[in-house]
Amino acid sequence: MTVAPPPREVFIQGVTLDGRTFRPSDWAERLAGAMSSFRPGGMRPGIGAHIGYSPLCVPTVINGVKCVIVNEELKRLEPMAWDFVMNFARDNKLQVADACLLPDGKPGA
């Protein structure tokens with residue numbers, strides 16, 4: 001039985017490579033909003049379908065630093081969207097960290 005590796009995520013941090021806080025202050029929400037239509041299964045139909053972030057590109061705050069968490073699944077689903085967020089980080093000289101999701105639960109479960 002082969003076990004699939006856990007999904008990897010990229011954390012785009014609102015801190016530049018030289019340590020400055022990235023501006024504007026709502027950059028994470030703007031970036032995630034631009035990616036909101038890229039979701040597993042495509043856009044949802046109906047009222048309110050345009051409201052909400054994609055689970056593949058979510059703004060958050062970690063230790064007081066605004067971040068956007070981008071799931072590597074976005075690369076498979078829509079390579080151009082992946083390139084867009086990665087180029088955004090590179091062009092703005094933002095710090096980027098790779099990570100992976102850990103399953104919830106108790107150790108050894």
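Sequence positions, counted from 1, serve as the residue numbers for this chain. Keep in mind that the numbers below use all heavy atoms, side chains included, and drop hydrogens, waters and symmetry copies.
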| said: A side-chain contact here means heavy atoms from C-beta on lying under 4.5 Å apart; do Q13 and L94 qualify? | reply: no
| request: Keeping to residues at least two apart or across chains, list the side chain to side chain donor-acceptor pair (under 3.5 Å) pairs with something in residues 74-86. | output: E73-R76
| CD of E72 to CG of D98: how many Å apart, nearest 0.5 Å? | 8.0 Å
| query | Any donor and acceptor pair, going by atom type alone, linking the side chain of Q95 with main-chain N or O of T16 inside 3.5 Å? | reply | yes
| Nearest-0.5 Å distance that lies between atom NZ in K93 and atom CG in L17 | 8.0 Å
| query | Should T60 and I62 count as side-chain neighbours, where that means a heavy-atom distance under 4.5 Å? | reply | yes
| field | CG on L77 to CG on L56, rounded to 0.5 Å | value | 6.5 Å
| task | Measure the CD1-SG distance between I12 and C57 for me, rounded to the nearest 0.5 Å. | result | 6.5 Å
| request: Check whether any side-chain heavy atom of V68 sits under 4.5 Å from a side-chain heavy atom of V70, and report yes or no. | output: yes
| request: Tell me, please, which residues at least two apart from W27 pass ring-ring contact (aromatic ring centres under 6.0 Å, His included). | output: F22
| query | Does V15 sit in a hydrophobic cluster with other residues, and if so which ones, taking ILVMFWY side chains as linked at heavy-atom separations under 4.5 Å, directly or through other members? | reply | V65
| query | Quick check: are there more than 12 heavy atoms from other residues, nucleotides or ligands sitting under 6.0 Å from CZ of F84? | reply | no
| Going by the salt bridge (Lys or Arg N to Asp or Glu O under 4.0 Å) test, which pairs reach into residues 19-32, not counting sequence neighbours? | D18-R20, D26-R30, E29-K66
| query | Under 4.5 Å between any side-chain heavy atoms of M86 and V10, yes or no? | reply | yes
| note | In terms of heavy-atom contacts, A32 and Y53 come closest through CB-CD2, 3.5 Å
| field | OG on S54 to CZ on F38, rounded to 0.5 Å | value | 9.0 Å
| Closest heavy-atom pair and its distance - M35, L74 | SD-CD2, 4.5 Å
